[in-house]
Amino acid sequence: MFKAPSIQASNVDEFNSEIKKRSDRAINFFLIGFFLFGLVLAPFYDTWMVAIGIGGMSLIAYYSAKMLLPKSYLYQYILGAVFGIFMAQYIYQMHGLFEMHFIAFIGSAMLITYQKWKLQIPLAIVVVVHHAAFAYMQYVGFEKVYFTQLDYMSLQTFIIHALLAVVIFCICGLWAYQFKAFTRLSIAQSFEIGRLQEEERKKEQLMQAEAEIKVLNDSLEVKVKERTSQLETVNKELEAFSYSVAHDLRAPLRVINGFSKMILKMEEAKISKISSENLHIIMKNAAQMGQLIDDLLDFSRLGRQSIDIKAVDMNDIVNNVIKEIKTDELTVTPEIHIQDLSGPKCDPTLMKLVWTNLISNAVKYSRKKDKPLIEIGITHRNGSTTYFVKDNGAGFDMQFSDKLFAVFQRLHKVTEYEGTGVGLALAQRIIAKHQGQIWADAKVDEGATFYFTLPNN
Amino acid sequence: MENNNNTVDILLVEDNPYEARLTLMSLEEQNLGKNIVHVDDGAEALDFIFCKGQYADRGPDNNPKMILLDLNMPKVGGLEVLRRIKADDRTKSIPIVILSSSKEDSDLVTSYMLGVNSYVVKPVEFDTFTKAISDVGAYWMLLNESSVLLLLAKSRLQNG
């Protein structure tokens with residue numbers, strides 16, 4: 001047998017209320033029909049009182065129960081009894097005409113419409129009680145009691161009669177029960193069908209959405225490819241540019257520098273002092289421009305370079321940097337204090353560049369002090385390590401601090417402190433590649449402190 | 001050294017005449033300026049080495065003792081000249097020193113892969129430039145034991 005899938009009680013209720021509504025409407029016609037039929041019978045045997053009284057009371061019983069207790073099913077059970085009573089009324093009105101018994105079966109069949117086998121019970125009780133009571137009363141000789149026009153009456157006939165009636169009620173009850181079962185089944189099936197349709201609809205929607213996503217993805221891929229090749233082209237152009245900068249710009253500088261030097265060398269005796277100085281200025285500027293180009297190329301090369309992060313000995317790096325910094329030309333050698341700098345992993349080559357820039361800056365800007373002092377230290381906080389390089393040198397005005405890390409931006413005149421303005425830009429680029437930060441704090445003539453952080457991982 | 005007149009010590013391959021002049025002057029300062037041939041592009045350099053074109057009657061016996069080679073030149077570039085010379089058994093023993101403005105990693109790596117003997121990045125500053133040129137000249141011309149003469153003798157034996 002088909003196994004009904006689980007269905008929601010509310011769905012069944014909705015369906016049941018529809019059955020009830022339609023059945024009630026049909027019953028309205030039947031009850032009025034029954035009542036009118038009683039009136040039609042009345043003139044033949046002059047039973048107006050019975051037709052109007054019994055029929056009317058039956059209708060009142062039915063409709064009052066229905067209206068007063070709208071949520072209850074009591075009126076349906078009353079209806080069962082009412083059908084029995086109409087049968088009794090007709091039998092009486094027709095003076096025991098046998099065919100009127102079948103009115104009970106018409107009522108029984110009508111009750112099937114509610115799909116409730118229990119509604120047969122009040123009808124069966126009324127019919128059996130009526131038959132037994134009236135048959136007995138007629139048999140013992142009560143006048144004006146009509147049950148049957150047959151002459152003979154025996155208990156055996158009565159029992160067979162009653163049994164057949166009950167069998168019909170049972171069959172109608174069975175039908176009501178079956179209808180109810182079928183109804184439940186068809187509700188379940190229609191919901192299942194609805195569910196499947198919904199599922200199918202969702203599947204289609206999903207497939208449609210997937211197709212749309214695929215189209216989008218494809219076009220995205222095409223776009224990414226386009227952009228990548230554009231970027232590659234730009235990158236190649238940039239590389240070609242820096243290559244030619246390296247080669248083509250440096251060659252003339254070398255020539256300028258070289259020939260100036262030649263003149264100085266060969267014509268030493270003939271050349272005036274001023275011309276000699278001017279030639280030196282030419283050479284110095286050519287050399288400076290060469291340095292500028294070199295720094296710029298370093299800076300652009302760094303942009304393309306990937307970083308190689310590993311465990312390093314920061315103390316080693318810093319000590320090497322300090323050793324390499326030229327202090328020959330200084331009048332006073334700065335005093336340098338270094339804390340233990342053990343810290344997180346980083347790219348040793350690039351980190352050395354950062355230290356070189358920061359420390360040589362500190363040396364450079366503090367060299368005019370009587371007692372240049374440089375402190376190099378470390379602080380640990382919130383998952384990152386902060387290093388600092390502090391000097392007591394020239395410092396700078398903090399209102400220009402935003403220019404500090406930009407390429408070719410300088411806060412001092414070349415004649416005061418030499419430099420190309422690339423060092424700190426380079427340092428910032430390296431620290432950014434390490435996901436760190438770099439900043440400075442300074443006061444004019446009181447020194448500067450440069451800080452940078454490296455994440456601990 | 002039978003054919004003294006034709007002996008070439010250094011072949012200078014440099015397209016920029018001023019740079020070439022600087023280099024020549026630097027070599028002269030070190031007394032290495034004799035027997036230098038200057039060609040100003042890669043194609044001419046190859047003609048010279050392989051005795052073609054205007055150098056057809058140069059005679060292959062007196063290959064230069066050293067080649068100073070610029071990288072970035074029109075027509076045939078320095079890397080191509082290097083590749084061709086080092087790919088030929090007759091010429092691959094000639095020491096080649098690249099004098100370049102470029103310190104791009106790719107140029108360096110390619111040059112060494114092709115078998116260059118030295119790679120010198122020309123400094124802008126003249127004193128360091130002179131020093132670099134003279135160091136290189138002195139090393140390859142005076143200090144280093146060349147195999148060129150040995151090979152010459154060998155090839156002469158083979159030719160009967």
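First the proteins, then the strands, lettered A, B, ... as listed; each starts at 1. All values derive from a computational prediction rather than experimental measurement.
- Taking non-hydrogen atoms and a 4.5 Å limit, the residue list of residues 42-56 of chain B in contact with chain A is empty.
- With sequence neighbours left out, the side-chain contact (heavy atoms from CB on, under 4.5 Å) criterion links L249(A) to V245(A), I293(A).
- Environment of CZ in F241(A): sparse, with no more than 12 heavy atoms of neighbouring residues, nucleotides or ligands closer than 6.0 Å.
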No hydrogens needed, just list the donor-acceptor pairs between chain B and chain A under 3.5 Å.
unit_1  : atom_1 : unit_2  : atom_2 : d
E19(B)  : OE1    : R254(A) : NE     : 2.7
E19(B)  : OE1    : R254(A) : NH2    : 2.8
E19(B)  : OE2    : R254(A) : NH2    : 3.0
E29(B)  : OE1    : K265(A) : NZ     : 3.3
E29(B)  : OE2    : K265(A) : NZ     : 2.8
S101(B) : O      : R250(A) : NH1    : 2.5
S101(B) : OG     : R254(A) : NH2    : 2.8
D107(B) : OD2    : Y243(A) : OH     : 2.7
K122(B) : O      : R254(A) : NH1    : 3.1
F126(B) : N      : N257(A) : OD1    : 3.4
D127(B) : OD1    : K261(A) : NZ     : 3.3
D127(B) : OD2    : K261(A) : NZ     : 2.8

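- Minimum heavy-atom separation, V255(A) to L22(B): CA-CD1, 3.8 Å.
- Residues meeting the side chain to side chain donor-acceptor pair (under 3.5 Å) test with S118(B), sequence neighbours left out: W140(B).
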